[in-house]
2 protein chains.
Amino acid sequence: MDRIDHEILRHLTRDGRLTFRELGEAVHLSANAVAERFRRLQESGTIRHIRAVLDPQAMGRSLEAQIEIKLSAQTSALEFENALRHMPQVMEAALMTGSFDYAIRVACENSHELMQVTEALRKHPGVSDTYTRLVLREIELSGMV
Amino acid sequence: MDRIDHEILRHLTRDGRLTFRELGEAVHLSANAVAERFRRLQESGTIRHIRAVLDPQAMGRSLEAQIEIKLSAQTSALEFENALRHMPQVMEAALMTGSFDYAIRVACENSHELMQVTEALRKHPGVSDTYTRLVLREIELSGMV
DNA sequence: TTTGAAATTGGGGTTCC
DNA sequence: GGAACCCCAATTTCAAA
């Protein structure tokens, strides 16, 4: 992970479809050399994945929220996380410190669907409490690199 | 936005570097037709961007946290958001409902850097309160489509 | 450097306002 | 007529050995 790898990552976090030739021009290296670095960065897991990020509104999901979830003790975290994976509204999820256990981000069509999501969560065996807040606006950032 | 667009998006949210030919095979269309749909999806903003997602740990950031931030009234949100943009540890930020105003996600090298980040935030004119929780583990999900 | 694969461009066709 | 689709073929560009 030298300066050049860093530079390659910086470009790919802005446009993940850049060709090796374009990347090569940016870092003054041959397309071949860049492809090799790219492969290594992927295999080492430094690049987790390259994905399209969609506009939730364009997908008909105009309401985003963060839901905090508390599990009762003795509850299977694995089972709960699998349930999350089957809810298409769930965009992100993380296990956190604090009085709740999970914080998840959901994108819903409308308030009715959000209510259905929270109800589905609260019905899940093991969920003892939830706390929902709406996302009013997302702030665009440059990110890690 | 028909079924085919939907299918294309589904594939691209899993692998954003799929070639048009591969996508074409998946949806039984020519590479050309797929490229055209791709262009339209980008121009309409449905595809916000395609970017590499990096492993924070590989980037030397092994400590993630969510920080809630309350601004005092009469504070310029714009100015505060610009300050966020200049902090490389800040990965995500959103304006939220609830007793805090912003929820941000940060990725730090260690607890010392996290402390520096929270101190920098608390020194910002207008920030009246913060509340920090650590991310213990992120859960992998499939996402919107 | 070379070779097969992929993207791009231009031409042409269809369908539906 | 024009817009939104699609395909094919030729050319240029790219990826990988």
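Chain naming here is simple, since letters A, B, ... match the order of the sequence lines and numbering starts at 1 in each.
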Practice task
Just do the side chain to side chain contact (heavy atoms under 4.5 Å, CB included) check on Ile139(A) and Val90(B) with the steps written out, would you?
Solution key: CA-CA 11 Å; Ile139(A) 288 95; Val90(B) 180; over 6 Å; no
Problem - Heavy-atom neighbours of Glu25(B) CD exceed 12 at 6.0 Å - result: yes
Practice task
Could you check how far CD of Glu43(B) sits from P of dC5(D), rounded to whole Å?
Solution key: 12 Å
Completion exercise
Result for side chain to side chain contact (heavy atoms under 4.5 Å, CB included) between Val106(A) and one of Leu121(A), Leu114(A), Thr118(A) points to Leu114(A)
Problem - Spacing of Thr130(B) atom OG1 and Lys70(B) atom NZ [to the nearest 0.5 Å] - result: 12.5 Å
Problem - d(CE, Met1(B); P, dA4(D)) in whole Å - result: 16 Å
Practice task
Answer yes or no: does a side-chain N or O of Ser30(B) lie under 4.0 Å from OP1 or OP2 of dC6(D)?
Solution key: no
Handout entry: Salt bridge Arg133(A)-Glu68(A), side-chain N to carboxylate O under 4.0 Å
Key = yes
Would you tabulate the nitrogen or oxygen pairs shorter than 3.5 Å linking the protein to nucleotides 8-15 of chain C?
from: dT9(C); atom 1: O4; to: Asn32(B); atom 2: ND2; distance (Å): 2.7
from: dG10(C); atom 1: O6; to: Asn32(B); atom 2: ND2; distance (Å): 3.3

Problem - Under 4.0 angstrom between Arg40(B) side-chain N/O and dC5(D) OP1 or OP2 - result: yes
Fill in the blank from the handout: From CD of Glu36(A) across to C1' of dA16(D) the rounded distance in Å is 11 Å
Handout entry: Within-4.5 Å side-chain heavy-atom neighbours: Gln89(B) and Gln116(B)
Key = no
Practice task
For residues 107-117 of chain B, pull every pair meeting salt bridge (Lys or Arg N to Asp or Glu O under 4.0 Å), keeping only residues two or more places apart or in separate chains.
Solution key: none
Exercise for the section: Give the rounded distance in Å between these two atoms: CZ of Phe38(B) and P of dA6(C). Expected result: 17 Å
Problem - Length of the line joining Glu22(B):CD and dA6(C):P, which is rounded to integer Å - result: 7 Å
Practice task
Measure from CG on Leu18(A) to C1' on dA15(D) and round the result to the nearest Å.
Solution key: 15 Å
Handout entry: Atom-to-atom span, NE2 of His28(B) to P of dC6(D) - whole angstrom
Key = 14 Å
Practice task
Would you mind telling me which of dC7(D), dA15(D), dC5(D) lies closest to the side-chain atoms of Arg17(B)?
Solution key: dA15(D)
Handout entry: Salt bridge Arg40(A)-Glu43(A), side-chain N to carboxylate O under 4.0 Å
Key = no
Using the 3.5 Å cut-off, write out each protein N or O paired with an N or O of nucleotides 10-13 of chain D and the distance between them.
none

Handout entry: Side-chain N or O of Arg39(A) closer than 4.0 Å to phosphate OP1/OP2 of dA15(D)
Key = no
Exercise for the section: Using a strict cut-off of less than 4.0 Å between a Lys/Arg side-chain nitrogen and an Asp/Glu carboxylate oxygen, indicate whether Arg122(B) and Glu119(B) qualify as a salt bridge. Expected result: no
